[in-house]
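Below you'll find the structure, written out as structure tokens, and then a few comments.
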Amino acid sequence: MAEIITPRTLKGFRDLLPATAIRRERLIAAAIAVYQRYGYVPIETPALEYAEILTGGGGTETDKQMYRFDDAGGRHVGLRFDLTVPLARYIAQHIDTLGTPFRGYHVATVWRGENTQRGRYREFVQGDFDIIGTESPLADIETVLVVHDVLVAMGVDRFTIRVNDRRILNALLARVGLERRAVDVLRILDKLDRVGAERVGNDLAETVGASRAQIDEVLELTMRVGPGAEVLDGFADVAGGDAAAVAAIEMLGQLMETATAVGISPNRIVLDGSIARGLDYYTGIVFEAYLDDHPQVGACCSGGRYDDLASRYTSRRLPAVGGSLGVDRLLAAVDDGADATRSAAPVLITRFGDDDGVDLLALAATLRRAGIGVEVYPDPDRIGAQLRYADRHGHRVALIIGPDERGAGEVKVKTMATGDERTVPAADVVAAVGGMLDL
RNA sequence: GUGGCCGUAGCUCAGCCUGGUUAGAGCGCCUGGUUGUGGUCCAGGAGGUCGCGGGUUCGAAUCCCGUCGGUCACCCCA
């Protein structure tokens with residue numbers, strides 16, 4: 001007898017039970033519906049790329065986290081750890097076919113060999129969307145609206161999208177003389193809400209040697225949070241007269257104006273001077289979305305403008321702005337794992353043992369042609385067991401065709417919620433079931 | 001990758017500190033009461049390598065070590 005192999009999964013990789021898998025599919029479907037409503041079209045890229053594509057010029061952190069190995073042909077390869085780098089390669093390779101501006105979305109699995117936590121896995125799904133080839137502020141604004149609409153479409157009630165712009169931070173850093181340490185400063189600033197102003201101040205002093213005055217100036221900006229004009233005024237004060245920062249502030253003002261105009265509730269989009277994003281490739285707007293009821297899972301969506309998107313792969317200038325949805329983080333927040341397995345079909349056809357049951361398949365096909373989801377119970381078990389199955393799996397209607405019904409050319413239609421039963425001619429089943437399901 | 005906590009039935013957990021006869025509970029699941037009718041109720045039942053491996057001991061779910069997995073913090077990030 002062969003030895004049994006213990007069934008198990010790798011750290012950070014997981015199976016999804018049907019209840020969770022259904023939730024994930026719904027989240028993804030909601031996001032895609034919104035993307036398409038804005039005109040984004042799907043793209044796909046391979047999971048495995050040449051390692052040099054994924055690492056070239058990248059930070060050492062991502063290099064450490066990337067799954068990489070040599071394939072059987074001796075190629076140095078790696079699994080993609082985000083969707084932005086593959087997008088950059090893809091755009092550089094295909095932009096002449098696509099033309100600009102190009103709106104694309106990419107929902108796919110990515111892999112990172114980092115330590116796990118709730119909502120943090122080594123294999124997870126992201127849903128990126130980007131506009132490539134335009135520097136218009138309208139694209140920046142649209143990107144935030146997409147995030148908003150996606151979260152609404154997913155049924156998330158309470159969330160906050162925090163928005164800032166790198167150009168303001170850059171202007172501030174230039175003014176106070178910290179521009180050469182911008183990457184370090186931004187990395188430290190990004191932790192503000194987690195570690196507090198004091199710790200950030202200390203880190204700035206220790207890591208980049210910032211003076212008390214420089215620290216105070218930086219913190220002055222990062223403490224500004226809110227949906228209103230006074231925050232923008234504050235941004236203008238810190239930024240001085242820097243032209244890029246002025247443009248950024250104007251864009252942010254237009255964003256808030258648009259949000260109001262389209263009826264977005266004020267607390268869902270706020271300006272936040274502390275949003276920096278650790279990644280140093282952002283060049284303009286930056287944003288992060290948080291679920292108000294689940295702050296511990298971190299940002300469930302983030303993004304911004306990166307105007308040198310594809311510069312590693314082409315000399316052509318390709319500005320881009322977009323966002324990345326953390327599907328599995330949203331899932332971790334939304335999924336309580338409580339539900340038992342539910343059928344995807346509202347109707348269950350029960351089966352008696354008086355014939356081979358093939359006629360049930362024909363009946364099911366008739367209902368499906370009418371757009372009604374049907375599941376056929378395969379075994380002639382006790383009718384009570386079959387109805388219990390229907391109950392447990394959430395079927396709303398059970399069809400019963402026993403010897404009596406078959407003899408009379410009828411079908412008994414049972415509404416599970418009420419227990420009501422009607423017997424109808426077989427020819428009328430579609431209408432009867434449709435009526436019960438409010439179709 | 002570093003450190004803390006956790007890992008007992010399908011699920012949530014008790015038992016572990018102070019090793020000792022057949023390892024428990026609730027929920028779920030199955031069967032019967034209802035020879036063609038679920039959800040309530042009643043009666044009964046199945047189901048456990050105590051994550052895995054090793055060690056200490058006459059004896060380990062219980063103590064020790066390792067390992068795998070989960071979780072939290074750091075780091076980083078979706």
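No experiment lies behind these values; they were computed from the predicted model shown. Just so we're on the same page: letters track the sequence lines, and every chain starts at 1.
Taking atom C1' in both B:rC30 and B:rC65, one finds a spacing of 42 Å when rounded to whole Å. For the C1' atoms, the distance linking B:rA9 with B:rU2 amounts to 36 Å, nearest Å. Annotation: B:rA73 and B:rC77 have their C1' atoms spaced 15 Å apart (nearest Å). Remark: the separation of the C1' atoms in B:rA61 and B:rG48 is 11 Å, to the nearest Å. Across the P atoms, B:rC72 and B:rG54 are found 32 Å apart, a figure rounded to whole Å. Rounded to the nearest Å, the gap between the C1' atom of B:rC50 and that of B:rC13 is 13 Å. Taking atom P on both B:rA60 and B:rG19, the two are 14 Å apart, rounded to the nearest angstrom. Comparing the C1' positions of B:rG1 and B:rC76 gives an interatomic distance of 11 Å, to the nearest angstrom.
Residue contacts shown for A:G419 include a base, since a base heavy atom lies under 4.0 Å away. A:R396 comes within 4.0 angstrom of no nucleic acid atom, judged by non-hydrogen atoms across all strands. As judged by a 4.0 angstrom heavy-atom cut-off over every strand, A:G298 is placed among residues making no nucleic acid contact. At the heavy-atom level, A:Q386 lies nowhere under 4.0 Å from the strands shown. Among the protein residues, A:E123 comes within range of no part of the nucleic acid, since none of its heavy atoms lies under 4.0 Å from any strand. When heavy atoms are screened at a 4.0 angstrom cut-off, A:G119 is found touching base atoms of the nucleic acid. Residue A:G12 is classed as a sugar-phosphate contact, given heavy-atom separations below 4.0 Å to backbone atoms only. Counting any heavy atom pair closer than 4.0 Å across all strands shown, A:R8 reaches sugar-phosphate atoms only and no base atom. If you check every strand for non-hydrogen atoms under 4.0 Å, A:I400 touches a base. A:T9 comes within 4.0 angstrom of sugar-phosphate atoms only, judged by non-hydrogen atoms across all strands, and of no base. Contacts of A:A417 with the nucleic acid, taken as non-hydrogen atoms under 4.0 Å apart, include base atoms. A:A390 comes within contact range of no nucleotide atom at all, as no heavy-atom separation falls under 4.0 Å.
When both distances must be under 3.5 Å, the Watson-Crick or G-U wobble mate of B:rU31 is B:rA43. Across the strands present, B:rU37 finds no partner; the criterion is a Watson-Crick or G-U wobble pair with both atom distances under 3.5 angstrom. With a cut-off of 3.5 Å on both pairing distances, B:rA61 has no Watson-Crick or G-U wobble partner at all. Pair assignment for B:rC75: none, as no Watson-Crick or G-U wobble contacts are both less than 3.5 Å. Summarising the base pairing, B:rU67 is matched to B:rG51 through a Watson-Crick or G-U wobble pair whose two defining distances lie under 3.5 Å. Both distances falling under 3.5 Å, in either a Watson-Crick or a G-U wobble arrangement, place B:rA25 opposite B:rU12.
Within the 4.0 Å cut-off from OP1 or OP2 of B:rG32, at least one side-chain nitrogen or oxygen of A:R382 is found. A close approach under 4.0 Å does occur between a side-chain nitrogen or oxygen of A:Q117 and OP1 or OP2 of B:rA73. For A:R392, a side-chain nitrogen or oxygen approaches OP1 or OP2 of B:rC30 to under 4.0 Å. A sub-4.0 Å separation between OP1 or OP2 of B:rA78 and a side-chain N or O of A:R118 is absent. Between A:R388 and the phosphate of B:rC30, there is a side-chain N or O to OP1/OP2 separation shorter than 4.0 Å. The phosphate of B:rA78 has neither OP1 nor OP2 within less than 4.0 Å of any side-chain N or O from A:S324.
We find that the ring of A:Y389 and the base of B:rG38 do not stack by the test of centres under 5.5 angstrom and planes tilted less than 30°.
Put simply, CZ on A:R422 is 22 Å from P on B:rU37, counting in whole angstrom units. Per the geometry, OH belonging to A:Y121 stands 10 Å off P belonging to B:rG70, to the nearest Å. The distance between atom CD1 of A:I401 and atom C1' of B:rG36, rounded to the nearest whole Å, is 13 Å. In this structure, A:Y290 atom OH and B:rC77 atom C1' are separated by 10 Å, rounded to whole Å. A:L360 has its CG atom 14 Å from the C1' atom of B:rG36, to the nearest Å. B:rG1 atom P lies 9 Å from atom OH of A:Y67, rounded to whole Å. Between the CG atom of A:D381 and the P atom of B:rG38 there is a distance of 14 Å, given to the nearest Å.
Contact annotation: side chain of A:E114 to base of B:rA78, donor-acceptor pair present below 3.5 Å. Between the side chain of A:Q65 and the base of B:rG1, no donor-acceptor pair of N or O atoms lies under 3.5 Å. The base of B:rG39 lies outside donor-acceptor range of the side chain of A:D391, with no N or O pair under 3.5 Å.
Considering only heavy atoms from C-beta on, A:T116 comes within 4.5 Å of A:R122 through its side chain. Counting heavy atoms from C-beta outward, A:I275 and A:D272 have side chains that approach closer than 4.5 Å. Looking only at side-chain heavy atoms (C-beta outward), A:Q126 and A:V327 stay at 4.5 Å or farther from each other. Side-chain contact between A:T258 and A:L145 is present, with at least one heavy-atom pair separated by less than 4.5 Å. At least one side-chain heavy atom of A:L348 sits less than 4.5 Å from a side-chain heavy atom of A:Y377.
No side-chain donor-acceptor contact under 3.5 Å links A:R382 and A:Q386. Between the side chains of A:D128 and A:H106, no donor-acceptor pair is found at a separation under 3.5 Å. Side-chain contact of A:D292 with A:T160: a donor-acceptor pair under 3.5 Å is present, judged by distance alone. Side-chain contact of A:N267 with A:S265: a donor-acceptor pair under 3.5 Å is absent, judged by distance alone.
In terms of position along RNA chain B, the nucleotide closest to A:L387 lies nearer the 5' end than the nucleotide closest to the other residue of the pair A:L325 and A:L387. With the nearest nucleotide of RNA chain B identified for both A:R112 and A:D404, A:D404 has the one nearer the 5' end.
Listed candidates were B:rA78, B:rG70, B:rG36. Nearest to the side chain of A:K412 is B:rG36. Comparing B:rA73, B:rC77, B:rC75 by their closest approach to the side chain of A:R329 singles out B:rC77. Out of B:rU37, B:rA78, B:rG36, the shortest distance to the side chain of A:F352 is found at B:rG36. Taking only side-chain atoms of A:N115, from C-beta outward, the nucleotide of B:rA73, B:rG38, B:rC75 with the closest atom is B:rA73.
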List, one per line, each side-chain donor-acceptor pair under 3.5 Å for residues 38-47 of chain A, sequence neighbours excluded.
unit_1, atom_1, unit_2, atom_2, d
A:Y38, OH, A:D149, OD2, 2.7
A:Y40, OH, A:E142, OE2, 2.9
A:T45, OG1, A:R80, NH1, 3.2

